[in-house]
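Just so it is clear: chains get the letters A, B, ... in the order the sequence lines come, proteins before strands, and each one is counted from 1.
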Number of protein chains: 2
Amino acid sequence: MITTRATFPETTYAVLGLVDKVPGSSGYDLVAIADRSFAHFWPISQTLLYRELNRLAELGWVTAQRIDEGRSPTKWIYHTTPSGQAVLVEWLTKPAERISTFRSGFLLRFFFAHRILPETVSSLLTDYRAELTAQRDDFAALVDKLAHQSAPAARIGRLAALHGLRTAEARLQWADEAETELQQPTP
Amino acid sequence: MITTRATFPETTYAVLGLVDKVPGSSGYDLVAIADRSFAHFWPISQTLLYRELNRLAELGWVTAQRIDEGRSPTKWIYHTTPSGQAVLVEWLTKPAERISTFRSGFLLRFFFAHRILPETVSSLLTDYRAELTAQRDDFAALVDKLAHQSAPAARIGRLAALHGLRTAEARLQWADEAETELQQPTP
DNA sequence: GTTCCCATGTAACCCGTTACATGATTTT
DNA sequence: AAAATCATGTAACGGGTTACATGGGAAC
């Protein structure tokens with residue numbers, strides 16, 4: 001029994017979009033693809049992705065086709081249906097409202113740093129900078145890799161990666177700014 | 001009965017830190033202060049903040065003092081205990097690991113934009129730019145406001161706001177970059 | 001012959017959210 | 001007299017997580 005709902009979480013559409021983009025993939029494939037692609041700005045766990053696939057199939061937005069290769073468990077591959085595609089386009093067109101989230105464990109600690117010694121604040125910044133550097137290098141490598149691919153999807157992917165790269169770069173600069181500022185005595 | 005737990009969510013420490021930073025505040029006060037301060041990088045709802053205050057009191061990390069003003073409901077004000085302060089310092093010192101999260105509804109849609117017309121992608125970017133501009137202006141105003149205050153807490157707050165400002169600026173530049181790039185034909 | 005990869009799932013938990021309730025006091 | 005502010009809470013839900021289970025096939 002399918003209960004009609006007013007809205008679905010963004011993740012539902014994320015998985016729908018992925019099935020649409022990479023049709024004929026299994027859940028296992030999609031997990032791997034998601035991890036390499038949109039997980040950078042929309043993380044999703046394996047369990048949840050499987051749950052969303054079932055929901056999408058129940059809604060009739062994707063078809064689940066059984067592939068019998070004699071192995072266990074049975075492999076299933078997915079395709080978007082016309083109604084699923086319509087829903088996807090509608091979702092893409094409608095504005096995004098307030099669904100973006102940002103939580104920073106670093107900034108949270110930094111904000112309460114009055115409690116701790118200047119050296120500790122400095123080490124907090126060092127850790128953060130290390131994390132950002134790793135992020136920057138990862139994104140830079142991804143941008144570079146996708147720049148050499150000609151598929152239209154690679155273009156979008158490259159720009160998405162560039163978003164991460166630019167963000168990491170700006171925050172690294174901020175870390176420098178913050179460190180020099182904190183070294184100066186209070187006026 | 002207090003059950004001992006291995007770990008607590010970051011939000012627990014966020015509230016602990018806030019009580020420590022603004023001692024003698026009521027839950028109502030703390031909600032307002034949180035919304036104006038660390039909610040930018042660690043959002044928290046009123047219900048959750050109250051729940052965490054109760055947890056902190058049960059753990060003995062804060063004291064809850066009843067203020068009887070004859071009104072209803074009774075007002076309670078909070079102070080960190082020595083053990084609570086020790087826990088806070090320990091938390092601040094320990095590295096942050098993988099607790100930061102980032103989810104972007106815009107990037108998610110952008111990533112699946114192959115389905116839609118170029119004009120729609122462009123309008124997606126326009127909406128995003130508007131959101132970023134608002135963010136940038138908010139952070140810029142906050143940075144400016146805090147620059148004129150001399151309290152040590154204002155300095156940290158200003159730097160935290162600057163983090164948001166730099167991020168928004170970088171992403172606005174990215175939006176320009178992306179738009180010009182997408183206007184060029186595929187090679 | 002053990003370890004990695006394919007492939008799908010169950011169970012349990014809990015953080016965080018939204019909506020709502022209540023009532024006094026202060027402001028308009 | 002109405003609206004906003006002060007002040008604390010209950011109820012219900014669900015999205016997302018981690019840990020675990022299962023078992024065949026491929027690779028080393």
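- In terms of phosphate contacts, A/Y50 brings no side-chain nitrogen or oxygen within less than 4.0 Å of OP1 or OP2 of C/dG9.
- Cluster annotation: A/L146 and B/F110 are assigned to distinct hydrophobic clusters (Ile/Leu/Val/Met/Phe/Trp/Tyr, side-chain heavy-atom contacts under 4.5 Å, transitive).
- Note that CG of B/L124 and CG of A/L92 are 7.5 Å apart. Values are rounded to the nearest 0.5 Å.
- Distance, A/L49 CG to C/dG9 C1': 13 Å, rounded to whole Å.
- Rounded to an integer number of Å, the gap from A/I67 CD1 to C/dC6 C1' is 14 Å.
- A salt bridge links A/R129 with A/E179: the distance from a Lys NZ or Arg NE/NH1/NH2 to an Asp or Glu carboxylate oxygen falls below 4.0 Å.
- In this structure, the helix from C/dC6-D/dG23 to C/dT28-D/dA1 shows an angle of 20° between the axis at its start and the axis at its end, each fitted on 5 base pairs and rounded to 10°.
- The aromatic ring centroids of A/F112 and B/W42 lie 6.0 Å or more from each other.
- The interatomic distance linking B/N54 (CG) with C/dC14 (C1') rounds to 17 Å, in whole Å.
- In this structure, B/H40 and A/F111 have side chains that are not in contact, with every pair of non-hydrogen atoms separated by 4.5 Å or more.
- Residues A/R55 and A/E52 are paired through a salt bridge, judged by an N-O separation under 4.0 Å between the basic side chain and the carboxylate.
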For this session: Report the C-alpha separation of B/S83 and B/T81 in whole Å, then their side-chain angles, then the decisive distance to 0.1 Å, and conclude whether the side-chain hydrogen bond (donor to acceptor under 3.5 Å, both in side chains) test is met.
Result: CA-CA 5 Å; B/S83 79; B/T81 62; 3.3 Å; yes
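- To the nearest 0.5 angstrom, B/T7 atom OG1 is 6.0 Å from B/R5 atom CZ.
- Using a 4.0 Å cutoff on non-hydrogen atoms, the parts of residues 24-40 of chain A near DNA chain C are A/S26, A/G27, A/Y28, A/D29, ordered by number.
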Exercise. Which letters describe nucleotides 15-28 of chain D, given B = protein heavy atom under 4.0 Å from base, S = only from sugar-phosphate, - = neither?
Worked result: SBBBB---B-----
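- Contact annotation: the side chain of B/D29 never approaches that of B/V22 to less than 4.5 Å [non-hydrogen atoms, C-beta and beyond].
- Using a 4.0 Å cut-off between charged nitrogen and carboxylate oxygen, A/E10 and B/R103 do not count as a salt-bridge pair.
- Rounded to an integer number of Å, the gap from OH of B/Y13 to P of C/dC15 is 12 Å.
- Counting heavy atoms from C-beta outward, B/E169 and B/L165 have side chains that approach closer than 4.5 Å.
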